[in-house]
Amino acid sequence: MRAFKLFRITNCFFAVLLFSAGALAAAPEQSPPAEGSSERNPDHQPNMEMKKIGLAIHGGAGTIERSNMTPEREREFRAGLERALTAGYEILKRGSSSLDATEAAVRTLEDDPHFNAGKGSVFTSAGTNEMDAAIMDGKTLAAGAVASLKHVKSPISLARLVMEKSGHVMMDSEGAEAFAKENGIELVDQKYFFTQDRWDALQKIKAAEKNHTSGGGKAFLITDQDRHGTVGAVALDQNGNLAAATSTGGTTNKRPGRIGDTPVIGAGTYANNATCAVSATGDGEYFIRATVGRDVSALMEYRGMSLKDAAQAALDKVAKLGGNGGLIAIDHQGNVTLPFNTSGMYRGYVDANGKFAIEIYR
Ligand code: ASP
């Protein structure tokens with residue numbers, strides 16, 4: 001425990017160093033800043049040379065409780081989130097686009113086996129890995145989405161390529177992978193996506209299913225950790241442009257060919273400079289039916305709701321349908337909100353005041 005605390009302190013120190021130009025404090029496990037917090041914080045001296053920027057990331061929502069987590073595992077998750085946040089924030093700080101920042105943050109999480117996207121993708125019922133991803137540019141409302149990919153190492157980068165070079169918005173499976181190959185995107189063998197934890201989760205769910213249909217009395221503890229994940233990022237850049245990016249392996253034991261909310265523009269991913277950028281995670285079927293990303297934006301646009309209220313209203317709609325999960329959203333002023341209706345969500349943010357935080361539990 002002490003060693004863990006020490007790590008967290010060292011970790012914070014490291015973060016402060018990393019973010020020295022823009023960060024005011026490293027504050028793990030703090031709640032997100034109140035919207036308009038710069039006005040409520042008269043002592044804060046914003047860096048006048050830097051226009052407002054902001055970034056939020058998530059690594060999936062679900063039953064994530066301290067009691068089920070070893071200090072070591074928590075450290076690994078925190079380190080992964082911190083790496084992604086750093087990758088995206090460095091890009092924003094040097095004046096590059098929110099598209100570049102969200103893509104970089106998501107790519108970092110795709111390469112990390114702890115998260116259900118890219119390398120750490122969950123398995124389908126057929127024992128394969130099938131990935132979905134999407135990216136959206138809030139300035140132009142251009143969007144790129146890919147689904148049911150089996151060999152693309154970084155699905156988010158293919159989504160960006162679809163947006164910028166294909167003339168289409170959405171592509172799937174072999175056609176999308178042929179397009180990837182033509183454009184020099186890295187393809188890998190399915191073996192690359194094998195992780196023992198995800199494989200074990202599939203076996204556990206299959207055993208529970210079998211037990212259930214045969215009327216067996218054995219108890220299986222299936223947690224969201226076994227089923228879910230998904231990673232995403234939303235950002236505001238120095239030019240006032242918003243972007244959202246989301247990537248996932250979907251849900252464990254999904255049918256081959258099943259596509260979740262992640263690549264559905266207006267459901268799991270949405271960005272519009274007039275309002276906000278949104279990336280969601282959770283029970284994809286419900287997030288599609290509740291058109292979550294677009295709803296957050298529409299509530300702000302047509303009802304004049306704040307980012308926070310709009311995001312909560314959209315998530316409440318998911319819950320009312322019976323779905324669980326969370327979302328991250330940022331508006332054009334750099335306000336950030338990260339609501340979820342599960343016990344935890346892997347998440348992190350750097351707000352418009354340069355405040356940096358990594359959080360996991362409620
Ligand atoms: N939303 C993702 C999907 O349904 C899964 C998740 O976020 O855990 O594909």
Side-chain angles (χ1 to χ4, degrees), residues 56-64 77 81 84 106 109-110 112-125 128-135 145-150 155-156 159 170 172-173 193 195 197-198 201-202 205 222-234 244-270 278-296 314-315 317-319 321-329 338-347 360:
I57 60 168
H58 69 79
T63 316
I64 307 166
F77 275 106
L81 291 168
V106 166
L109 294 166
E110 284 178 335
D112 186 328
H114 291 90
F115 300 96
N116 172 20
K119 170 75 187 144
S121 289
V122 300
F123 287 90
T124 67
S125 59
T128 53
N129 307 97
E130 294 190 3
M131 292 149 283
D132 307 332
I135 192 161
V146 287
S148 303
L149 304 176
K150 285 191 174 161
I156 198 62
M170 200 168 198
D172 84 343
S173 53
F193 302 104
T195 53
D197 283 359
R198 299 297 190 194
L202 176 67
I205 290 178
I222 308 291
T223 65
D224 288 331
Q225 194 70 33
D226 294 323
R227 292 170 44 232
H228 283 303
T230 295
V231 307
V234 293
T246 320
S247 183
T248 189
T251 50
T252 303
N253 202 34
K254 68 181 179 184
R255 285 175 191 273
R258 177 265 189 190
I259 298 169
D261 60 315
T262 298
V264 178
I265 299 304
T269 308
Y270 192 73
V278 180
S279 171
T281 175
D283 301 323
E285 283 69 12
Y286 295 92
F287 280 74
I288 294 174
R289 290 166 56 204
T291 59
V292 169
R294 174 65 188 144
D295 254 29
V296 179
L315 192 60
K317 193 166 143 192
V318 171
L321 292 173
N324 287 323
L327 63 88
I328 54 171
L338 310 90
F340 51 97
N341 63 16
T342 51
S343 57
M345 179 165 82
Y346 298 108
R347 61 202 188 277
I360 297 179

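All of these numbers come straight from a predicted model, not from anything done at the bench. Order of appearance sets the numbers: ligands from 1, and atoms from 1 within every ligand.
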Aromatic ring pairing Tyr346/Phe77, orientation class (parallel under 30°, perpendicular over 60°, tilted between): parallel
Contact check, Gly60 vs ligand 1, heavy-atom distance below 4.0 Å: no
Where ligand 1 meets Gly282 - atom numbers and elements under 4.0 angstrom, heavy-atom basis: 1 (N), 2 (C), 3 (C), 4 (O), 5 (C), 6 (C), 7 (O), 8 (O)
Any donor-acceptor N or O pair under 3.5 Å, side chains Thr248, Thr230: yes
Atom indices of ligand 1, in the order listed, that fall short of 4.0 Å to a heavy atom of Gly250: 5 (C), 9 (O)
Atoms of ligand 1 close to Asp261 [distance to a heavy atom under 4.0 angstrom, numbered from 1]: 1 (N), 2 (C), 3 (C), 4 (O)
Glu110 and Ser247: side chain donor to acceptor below 3.5 Å: yes
Closest contact, heavy atoms only, Gly250 versus Val122: O-CG2, 3.6 Å
Side-chain donor-acceptor contact under 3.5 Å, Thr262 with Thr246: no
Contact atoms of ligand 1, heavy-atom distance to Thr281 under 4.0 Å: 6 (C), 7 (O), 8 (O)
Nitrogen or oxygen of Thr262 less than 3.5 angstrom from that of ligand 1: no
Glu130/Arg258 ion pair, N-O < 4.0 Å: no
Within reach of ligand 1, part of Arg258 (heavy-atom separation under 4.0 Å): side chain
